[in-house]
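Below is one structure, written out as structure tokens; the observations come after it.
Remember, it's 1-based here, ligands and their atoms both numbered in the order they're listed. The figures here come from the full heavy-atom set of this structure, side chains too, leaving out hydrogens, waters and symmetry mates.
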Amino acid sequence: PRDVGIRALEVYFPAQYVEQTELEAYDGVSAGKYTIGLGQSRMGFCNDREDINSLCLTVTSRLLERYEIKPRDVGRLEVGTETIIDKSKSVKTVLMQLFEPHGCTDIEGADTSNACYGGTAALFNAVAWVESSAWDGRFALVVAADNAVYSIGNARPTGGAGAIAILVGPDAPLVFDRGLRASCMRHAYDFYKPNMRSEYPTVDGKLSIRCYLSALDNCYQLYREKVKRKSPGENPVTLTNFNAMLFHSPYCKLVQKSFARLAFIDFLNTPESQIPDSYKDAVKFHAAKLEDTYFSQDIEKMFMQLSKADFEQKTQPSLLIANQVGNMYTPSVYSGLVSLLISKPISELAGNKVGIFSYGSGLCSSLYSLTIARDTREGSGLSKIISALSYVKSQLEGRHCVSPKDYTEVLASRERNCHVVPFTPQSSIDDMFPGTYYLTQVDEQYRRTYKRV
Ligand code: ACO
């Protein structure tokens with residue numbers, strides 16, 4: 001099959017959020033720490049009506065309906081998540097409730113997990129299936145979702161919640177570049193979830209940042225090398241090769257630092273004699289070793305300044321949802337793709353090369369790229385995806401604000417009820433977006449039932 005890539009995209013975030021300025025005041029930290037220091041404006045969250053199954057049911061059914069995809073057109077369905085409520089039964093099997101009534105049970109795939117990377121692992125599997133001898137001509141559907149919550153403390157403002165559904169098939173308007181992926185996989189205890197009785201991760205914040213940046217360094221250098229091997233005659237890859245660069249976003253400030261880091265790597269890869277005048281103040285850093293510079297404030301500050309205009313052009317547009325909802329974990333980097341598509345005019349997006357860096361603690365990471373189609377005519381694949389996403393901005397604005405006190409109580413009640421059965425959720429369903437699935441009950445046998453608004 002030709003031009004294997006993304007044929008449809010749907011994003012979902014809960015209908016309530018907490019304002020980060022209010023959270024700063026409530027937590028008693030200095031004003032600006034979460035909003036300026038972390039770069040976050042609002043944080044979406046789930047009350048007791050939503051769980052990983054409902055998030056996935058919502059986003060999947062919305063995609064099928066919006067694009068009029070028939071259940072029989074899907075031959076592979078895989079969920080990437082780190083929100084585990086069952087150690088055996090996959091979320092994918094729960095989603096089969098949307099297919100079984102139509103007589104469709106011949107659908108490959110099961111769940112995939114490693115922190116925020118599970119969605120990317122699932123996506124790579126979907127692409128591999130479409131390109132393989134097992135492919136039967138149908139679409140692959142990748143669903144990534146999480147409820148990202150942290151215990152009380154400095155990580156809590158970096159939570160979020162949401163889901164994404166990505167339809168993969170041939171002749172796509174967003175085409176994955178073939179033979180061009182760079183991965184970095186390692187063993188690290190930076191962020192992990194060993195406590196089965198809690199929704200919260202065990203986090204070493206500083207180590208997780210170091211791991212993230214080091215994985216980025218590795219993937220970027222390797223991606224460059226792979227391009228060089230593939231096309232030896234061409235100029236080496238730098239940020240100039242990309243029209244847009246997307247990152248997994250734990251919080252937006254880390255993404256800006258990551259972009260600056262790539263500019264720093266480009267600078268280190270430039271022979272001293274070819275360093276442009278605009279970089280002359282940075283020459284003193286030219287002999288630096290990447291691994292010694294994760295927390296160098298001088299280098300970080302200088303390259304954030306030097307790359308600012310480029311960041312605003314290539315990455316800032318992709319941070320709309322990340323800034324408004326927070327870290328959704330597995331959907332995060334793909335919410336970046338949605339944000340990009342709704343933030344620029346279609347004529348500016350046509351033909352773009354988009355770099356994508358996906359990171360999941362523990363750790364798994366990959367950098368790969370896709371190319372946006374050039375056909376921008378009405379009715380083209382690209383224009384269909386973009387117009388289908390026109391609801392996103394108004395839904396972000398249509399959410400309702402919850403006070404930090406009530407937010408904290410919602411999380412405390414989730415803690416009390418974690419794995420408690422039987423359980424009947426108490427939160428109102430009145431403000432949910434139309435088409436949202438919600439939990440009605442967990443019975444004595446831990447079986448969950450859902451209804452739809
Ligand atoms: N105005 C403006 N900026 C401020 C203010 C203020 N009033 N107060 C603090 N800041 C800045 C700080 O200078 C710092 O910026 P800098 O890093 O550019 O210097 C930033 O705000 C954050 O402040 P810190 O004191 O570093 O924050 P803290 O250590 O309390 O927590 C952390 C940050 C570690 C990221 C925490 O939120 C966390 O553990 N989050 C979860 C882990 C995570 O997201 N890791 C990232 C990769 S792994 C993943 O995806 C899960």
Side-chain angles (χ1 to χ4, degrees), residues 18 20-41 43 80-83 113-120 144 146-162 184-186 188-193 199-217 219 246-261 293-305 307-308 311 319 322-323 325-336 357-366:
V18 62
Q20 293 278 10
T21 46
E22 292 179 17
L23 199 57
E24 288 169 349
Y26 180 81
D27 287 349
V29 302
S30 58
K33 180 173 179 186
Y34 304 160
T35 45
I36 299 163
L38 298 176
Q40 292 303 121
S41 293
M43 175 166 59
T81 184
E82 57 170 298
T83 307
S113 72
N114 185 86
C116 309
Y117 187 81
T120 297
D146 277 301
N147 179 26
V149 283
Y150 290 93
S151 57
I152 285 181
N154 59 355
R156 182 159 278 194
T158 63
C184 175
M185 311 266 174
R186 288 200 180 116
Y189 280 125
D190 61 328
F191 164 114
Y192 47 113
K193 291 181 178 165
E199 292 195 287
Y200 301 143
T202 302
V203 201
D204 180 337
K206 194 133 186 185
L207 177 63
S208 72
I209 296 166
R210 192 194 168 89
C211 287
Y212 179 104
L213 295 175
S214 132
L216 175 66
D217 293 352
C219 287
L246 316 182
F247 300 82
H248 165 58
S249 180
Y251 50 94
C252 295
K253 196 53 160 296
L254 186 61
V255 171
Q256 188 171 359
K257 290 181 181 187
S258 298
F259 188 89
R261 188 129 188 114
T293 59
Y294 297 122
F295 297 105
S296 161
Q297 290 190 351
D298 292 343
I299 291 176
E300 187 182 281
K301 208 169 145 203
M302 177 163 293
F303 281 86
M304 274 173 80
Q305 193 51 45
S307 64
K308 190 165 183 276
F311 165 78
L319 293 176
N323 167 268
V325 181
N327 187 358
M328 308 195 293
Y329 288 167
T330 50
S332 163
V333 66
Y334 300 102
S335 84
F357 175 65
S358 175
Y359 176 83
S361 292
L363 64 87
C364 295
S365 64
S366 298

So, the side chain of Asp146 versus the backbone of Pro331: is there a donor-acceptor pair under 3.5 Å, distance only? no

Distance from atom 5 (C) of ligand 1 to nearest protein heavy atom, with residue and atom: Lys33 CA, 3.5 Å

Would you say Arg261 and Ile299 make side-chain contact, with heavy atoms under 4.5 Å? no

protein heavy-atom neighbour closest to atom 22 (C) of ligand 1 works out as Leu38 CD2, 3.9 Å

Relative to the heavy atoms of Ser30, which atoms of ligand 1 are at a distance of less than 4.0 Å? 5 (C), 6 (C), 7 (N), 8 (N)

Just how far is it from atom OG1 of Thr293 to atom CD of Glu300, taken to the nearest 0.5 Å? 10.0 Å

Answer yes or no: is there a side-chain heavy-atom contact under 4.5 Å between Pro201 and Glu82? no

At a non-hydrogen distance cut-off of under 4.0 Å, which region of His248 contacts ligand 1 (side chain, backbone, both, or neither)? side chain

Asp190 meets the side-chain contact (heavy atoms from CB on, under 4.5 Å) criterion, sequence neighbours left out, with Ala188, Leu207, Ser208, Cys211, Tyr359, Ser361

Where's the contact between Pro201 and ligand 1, heavy-atom distance under 4.0 Å: side chain, backbone, both or neither? neither

Report the nearest protein non-hydrogen atom to atom 11 (C) of ligand 1: residue, atom name, distance rounded to 0.1 Å. Gly37 CA, 3.5 Å

For Tyr189, is the OH atom crowded, meaning more than 12 foreign heavy atoms sit under 6.0 Å from it? no

Between Tyr200 and Arg156: side-chain donor-acceptor atoms closer than 3.5 Å: yes

If you scan protein heavy atoms around atom 18 (O) of ligand 1, the nearest is Lys257 NZ, 2.7 Å

What protein heavy atom lies closest to atom 32 (C) of ligand 1? Include the residue and the distance to one decimal. Asn154 O, 4.7 Å

Minimum-distance protein heavy atom relative to atom 51 (C) of ligand 1: Tyr150 OH, 3.4 Å

For atom 13 (O) of ligand 1, is the nearest protein heavy atom closer than 4.0 Å? no

Is the contact between Ala155 and ligand 1 made by the side chain, the backbone, both, or neither, using heavy atoms and a 4.0 Å cut-off? both

Mind checking whether Tyr212 and Phe191 have ring centres under 6.0 Å apart? no

Could you identify the single nearest non-hydrogen protein atom to atom 47 (C) of ligand 1 and state the distance to 0.1 Å? Pro250 CG, 3.6 Å

So for ligand 1, is Ala31 a polar contact partner (N or O within less than 3.5 Å, distance only)? yes

Taking 4.0 angstrom as the limit and counting only heavy atoms of Gly32, give me the atoms of ligand 1 inside it, by number and element. 1 (N), 2 (C), 3 (N), 6 (C), 7 (N)

Atoms of ligand 1 less than 4.0 Å from Ser208 heavy atoms? 42 (C), 43 (C), 45 (N), 46 (C), 47 (C), 48 (S)

Under 4.0 Å from a heavy atom of Phe191: which atoms of ligand 1 are those, numbered in the order shown and with their elements? 51 (C)

How long is the gap from CG on Asn114 to OG1 on Thr81, to the nearest 0.5 Å? 12.0 Å

With a sphere of 6.0 Å drawn around NZ of Lys308, does it hold more than 12 non-hydrogen atoms of other residues, nucleotides or ligands? no

Distance-only polar pair, side chains of Tyr334 and Ser358, donor-acceptor under 3.5 Å: no

Which heavy atom of the protein is the closest neighbour of atom 48 (S) of ligand 1, given with residue, atom name and distance? Ser361 OG, 3.6 Å

Out of Asp204, Thr158, Asn327, Leu207, whose heavy atom sits nearest atom 41 (C) of ligand 1? Thr158

For Gly205, the ligand 1 atoms with a heavy-atom partner under 4.0 Å come out as 34 (C), 39 (O)

Checking side-chain hydrogen bond (donor to acceptor under 3.5 Å, both in side chains) between Thr35 and each of Gln20, Gln40, Glu24, which is the one that passes? Glu24

Contacting atoms of ligand 1, where contact means under 4.0 angstrom from a heavy atom of Val203: 42 (C)

